There are 2 protein chains.
Amino acid sequence: MVKTEKIDSTQERILAAAKRVFLEQGMAGARMQDIADKAGINKALLHYYFRNKDKLFETIFKEVSSQFFPKITDVIESDMPLFGKIERFCSEYIDMLQKNSFMPMFVLSEVHKQPQRFKERFWKNMGPVLARFVGEIEVEMKKNKIKKMSAGQLFLNMVSLCIFPFIAKPLWMVSSGMDEARFKQFMEERKKEVPKFIIESIKN
Amino acid sequence: MVKTEKIDSTQERILAAAKRVFLEQGMAGARMQDIADKAGINKALLHYYFRNKDKLFETIFKEVSSQFFPKITDVIESDMPLFGKIERFCSEYIDMLQKNSFMPMFVLSEVHKQPQRFKERFWKNMGPVLARFVGEIEVEMKKNKIKKMSAGQLFLNMVSLCIFPFIAKPLWMVSSGMDEARFKQFMEERKKEVPKFIIESIKN
DNA sequence: GTCTATAACTCGATAGAC
DNA sequence: GTCTATCGAGTTATAGAC
């Protein structure tokens, strides 16, 4: 080996720590000290790697939100029939969120504070793909393959059913008395239940 | 008049200002100075009325989250048939959120940070009511009035469809290019669309 | 009750040695 | 690259006059 890759480099530990802290606390709530502690270094070194908090946040937000959307692209771009796409769209989405259940809260609460920034940096790729999906739904309606309704409303229904449970996760767990394992199982069932629920509603 | 009620008392102005600021910024992002300014007083006086930021926050959170759930109680406790309840549950809920679109983000992001606190202080009243509603749904399923599925999943679907659009409002507006007026109209349509969508899916 | 002034503190950021 | 020490801005909170 000519080059030694330090597998657990300082930079990587910083990013991992920052991700945890930002996802849990949001930009305003996160503390550089806390990130430094979790990365096992001190604040000065943190600033050495990422000039300031804003740049660090930016990096994490980019990473997180670029994971968050694009897997979906594959499904939409595929040549499956619509019901198949809906099934896979929902189950893939829920699956991804199960592995990253902090993401929706994080992304949404930051978009909520900086909508313009989000639009400029993250929407340009994803927008057209989703627009195409909505267009495809409209075509199926015109052909009377599915019930006629607003395609925008239907799309919003779809993402609501997938994403909301993860945003409401702490509330739901506390309210229903579910523990982590039970919640996981409940979401597992949802991968089938959600598309079934949707298709049941729109099929002719 | 024996007693003069100062209709726009300092305390009330503080609470109104604090509500605005906390709803927009969350606990961590809100500044006492900002609240004081919006209330037209200074920080010292703010501390005179509410010993510290935490106590002030607590008060607002209590007020906001106690508005957030209970209107729903009336609908659930009424003696309408199930489909009627679903219709009114959704339309009332969406209506309430239209007037307070910051609430869901606020409540959820704080519950997310302090789940236990929420459980202890705000769940005791609402829990049983919602449990009764879910129970009623189960009964209708047993009687084969509606399709059989998990009543918990159905209930979660219902609240997801109502609440999520308001959480995603900034994201949705940026993505779809809707302005405030168009979004309002879109939500107006949703008051009919959501219950229709649900009932279409569960009816026999 | 309300104000001015300021203490006390938190936190992001930098200087400078190693 | 990494550390210790410290600065300085911004905030919460209090003292004390009116």
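So that the names make sense, note that chain A is the first sequence line, chain B the second, and so on, each numbered from 1. Note that the coordinates shown come from a computational prediction; the quantities given were computed from them, not determined experimentally.
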**Distance in angstrom units between A/Ile14 CD1 and C/dG12 C1', rounded** = 15 Å
**Message:** Closest approach to the side chain of B/His47, judged atom by atom: which nucleotide of D/dT2, C/dT2, D/dA13 is it?
**Reply:** D/dA13
Got a list of side-chain donor-acceptor pairs under 3.5 Å for residues 24-35 of chain A, not counting sequence neighbours?
unit_1, atom_1, unit_2, atom_2, d
A/Arg31, NH1, A/Ala28, O, 3.3
A/Gln33, NE2, A/Asp37, OD1, 3.0
A/Asp34, OD1, A/Lys38, NZ, 3.0

**Length of the line joining A/Lys43:NZ and D/dC7:C1', which is rounded to integer Å** = 11 Å
**Partner of B/Trp172 under ring-ring contact (aromatic ring centres under 6.0 Å, His included), chosen from B/Phe186, B/Phe183, B/Phe164** = B/Phe186
**Item:** Which atom of A/Lys147 lies closest to which atom of A/Ser201, heavy atoms considered
**Value:** NZ-O, 3.3 Å
**Asked** What's the CG-P distance between A/Asp54 and D/dA9, to the nearest Å?
**Response** 19 Å
**Message:** Just N and O in the side chain of B/Tyr48: are any of them under 4.0 Å from OP1 or OP2 of D/dT14?
**Reply:** no
**Prompt:** Using a cut-off of 4.0 Å on non-hydrogen atoms, how would the nucleic acid contact of A/Ala30 be classed: base, sugar-phosphate, or nothing?
**Reply:** sugar-phosphate
**Complete:** Here the distance between atom C1' of C/dG12 and atom CD1 of A/Ile41, to the nearest Å, is 14 Å
**Item:** Spacing of A/Ile137 atom CD1 and A/Glu140 atom CD [to the nearest 0.5 Å]
**Value:** 9.0 Å
**Asked** OP1 or OP2 of C/dT2 less than 4.0 angstrom from a side-chain nitrogen or oxygen of B/Thr10, does that happen here?
**Response** yes
**Request:** Could you tell me whether A/Glu77 and A/Arg132 have a side-chain N and a carboxylate O separated by less than 4.0 Å?
**Result:** yes
**Prompt:** Whole-Å distance between D/dA13 C1' and B/Asn42 CG?
**Reply:** 12 Å
**Fill in**
To the nearest angstrom, the CE-C1' distance between B/Met32 and D/dT11 comes to 10 Å
**Request:** Rounded to the nearest angstrom, tell me the gap between atom CZ in A/Arg31 and atom C1' in C/dC9.
**Result:** 13 Å
**Request:** Quickly work out the A/Gln11 CD to D/dT2 P distance and round it to whole Å.
**Result:** 11 Å
**Member of A/Phe57, A/Phe166, A/Phe22 meeting the ring-ring contact (aromatic ring centres under 6.0 Å, His included) criterion with A/Phe106** = A/Phe57
**Electrostatic pair B/Glu180-B/Lys169, nearest N-O below 4.0 angstrom** = yes
**Prompt:** Once you build an axis from the first five pairs and another from the last five of the helix from C/dG1-D/dC18 to C/dC18-D/dG1, how far apart in angle are they, to 10 degrees?
**Reply:** 10°
**Prompt:** Reckon B/Ala36 touches a base, only the sugar-phosphate, or nothing at all at heavy-atom distances under 4.0 Å?
**Reply:** nothing
